[in-house]
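Notes follow once the structure below has been shown.
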2 protein chains.
Amino acid sequence: MSRSGAELALLLLGAYRRMVDEVVAGLAAQGYPDVRPVHDFAMRAIADGADSASELGRRMSVSKQAAAKTIAVLVERGYVDREADPADARRKRLDVTPLGFEVMRAGEALFDELRESFAREIGASGLASLEAALQTLVGDSVVRIETPGWVAQELD
Amino acid sequence: MSRSGAELALLLLGAYRRMVDEVVAGLAAQGYPDVRPVHDFAMRAIADGADSASELGRRMSVSKQAAAKTIAVLVERGYVDREADPADARRKRLDVTPLGFEVMRAGEALFDELRESFAREIGASGLASLEAALQTLVGDSVVRIETPGWVAQELD
DNA sequence: CCATCATAGACAACATGGTTGTCGTTCGGT
DNA sequence: ACCGAACGACAACCATGTTGTCTATGATGG
């Protein structure tokens, strides 16, 4: 084996960074500046039913305080709406705004374009085996991230 | 195409995180707590001739101030030595200590073990195609990171 | 020889994205 | 009616980066 394990890690990180950097740059070019991956991720979770900061924190495996900071950014940019929950005075209900959905759609489109350009570079079958290999290696951890019935962690 | 571009990005990130998390945990178990990837990277650069904070910053594409903070951590933990440069009173010469080399060796071994366990999971040929595909996708960006004759950027 | 410019590093302020801990308020189950 | 659990707010802190400013030193060219 000529390649080292550390190089493999750098390759994985490099490929991820290439995707994320291009999508962030693409969104910025479309008038959505400074949209970080965590913002997109949080909006998806909110759209998917995480309607409170505590719930969002559980889904993203971060503390509710960290989730609240992310939410504050999204609210400030108009991507998420935050209003009192009539049914529970402790909660502030969260909703993704039309603008937020715009960003999510634009991000998805950019990611998909990027994936298609990958397919052109390494071939459709090459991409399929790449994804299959990665799926085997990461096991179900990606699935776990997207599982709606999130397993609550020890945070808070 | 059933899979989305965003999922591909998550897979790449997940695989990277799996490697890094296991190596960090392994190093901690061997008595090197809190060694972050950036620490290993910085030590490699220092061992490779980046003997000042400014030079290290250039090689890692971060500001010299950020490099100096990383160096401060490494010095405090005894992984790097820092002493006045007799030939240039502005500089503080950097050297990786024997303890630092121990950490680097341990990290390499853990990364290589992990890569071998990947080979068991997806086969040696599967790993080879994975690496080839990633190399194609990232282009020369990884090479650029390791290039000794680093292209100075606009930082500072 | 010396004026000027570039560089090294120290220090401060700040941003981002996390963490813990504490607290008041509200909800819900016994 | 109570008490525990949960929500959100607030503060303090950490890690890792950024700028910007400053001093000391080195290098270069007239």
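Note that the structure is a prediction, hence the values are computed from the model and not measured. Every chain is numbered from 1 and lettered A, B, ... according to where its sequence line falls, protein lines coming before strand lines.
Distances shorter than 4.0 Å separate some side-chain N or O of B:Ser63 from OP1 or OP2 on D:dT18. Dashed line: the shortest gap from a side-chain N or O of A:Ser54 to OP1 or OP2 of D:dA6 is not under 4.0 Å.
For A:Ala47, the side chain to side chain contact (heavy atoms under 4.5 Å, CB included) partners at least two apart in sequence or on another chain are A:Val96, A:Phe101, A:Met104. Scored by the side chain to side chain contact (heavy atoms under 4.5 Å, CB included) test, B:Ala67 finds B:Leu56, B:Val62 as partners (sequence neighbours excluded). Remark: A:Ser129 pairs with no residue by the side chain to side chain contact (heavy atoms under 4.5 Å, CB included) rule, at least two apart or across chains. Here B:Asp85 pairs with B:Ala87, B:Asp88, B:Arg91, B:Arg93 under the side chain to side chain contact (heavy atoms under 4.5 Å, CB included) rule; sequence neighbours left out.
Side-chain to base pairing of A:Gln65 with C:dG17: no donor and acceptor N or O lie closer than 3.5 Å to each other. With hydrogens and angles ignored, a donor-acceptor pair closer than 3.5 Å exists between the side chain of B:Arg90 and the base of C:dT7.
Across residues 18-31 of chain A, not one residue has a non-hydrogen atom less than 4.0 Å from an atom of DNA chain C. Within residues 66-88 of chain A, the residues approached by DNA chain C to less than 4.0 Å at the level of any non-hydrogen atom are A:Ala66, A:Lys69, A:Thr70, A:Asp88, in residue-number order.
Within the structure, every pair that satisfies the salt bridge (charged side-chain N to carboxylate O under 4.0 Å, His left out) test and touches residues 20-29 of chain A, not counting sequence neighbours, is listed here: A:Arg17-A:Asp21, A:Arg18-A:Glu22. Sorted by first and then second residue, the pairs that involve residues 29-47 of chain A and meet side chain to side chain donor-acceptor pair (under 3.5 Å), not counting sequence neighbours, are A:Tyr32-A:Glu102, A:Asp40-A:Arg44, A:Arg44-A:Glu108.
Side-chain proximity of A:Arg91 to C:dG9, D:dG8, C:dT19: nearest is D:dG8. Of the candidates C:dG18, D:dT16, D:dG17, D:dG17 carries the atom nearest the B:Val62 side chain, counting heavy atoms from C-beta on.
Summarising the geometry, the separation between CZ on A:Arg36 and P on D:dT18 is reported as 13 Å, rounded to the nearest angstrom. One interatomic measurement links the two molecules: NE2 of A:His39 to C1' of C:dG17, which rounds to 9 Å at whole-angstrom precision. Computed from coordinates, the B:Phe41 CZ to D:dT16 P distance equals 15 Å when rounded to whole Å. Distance CG (B:Leu56) to P (D:dT16): 14 Å, rounded to an integer number of Å. The distance between atom NZ of A:Lys64 and atom C1' of C:dG24, rounded to the nearest whole Å, is 12 Å. As a whole-Å value, the separation of B:Lys92 NZ from D:dG26 P is 13 Å.
Between B:Asp95 and B:Arg82 no salt bridge is recorded (no basic side-chain N to carboxylate O distance below 4.0 Å).
Nearer the 5' end of DNA chain C, as judged by each residue's closest nucleotide, is the contact made by A:Val38, out of A:Ala89 and A:Val38.
The minimum heavy-atom distance between A:Gly14 and B:Val138, with the atom names listed, is C-CG1, 3.5 Å.
Within the 4.5 Å cutoff, no side-chain heavy atoms of A:Ser117 are placed close to those of A:Glu113.
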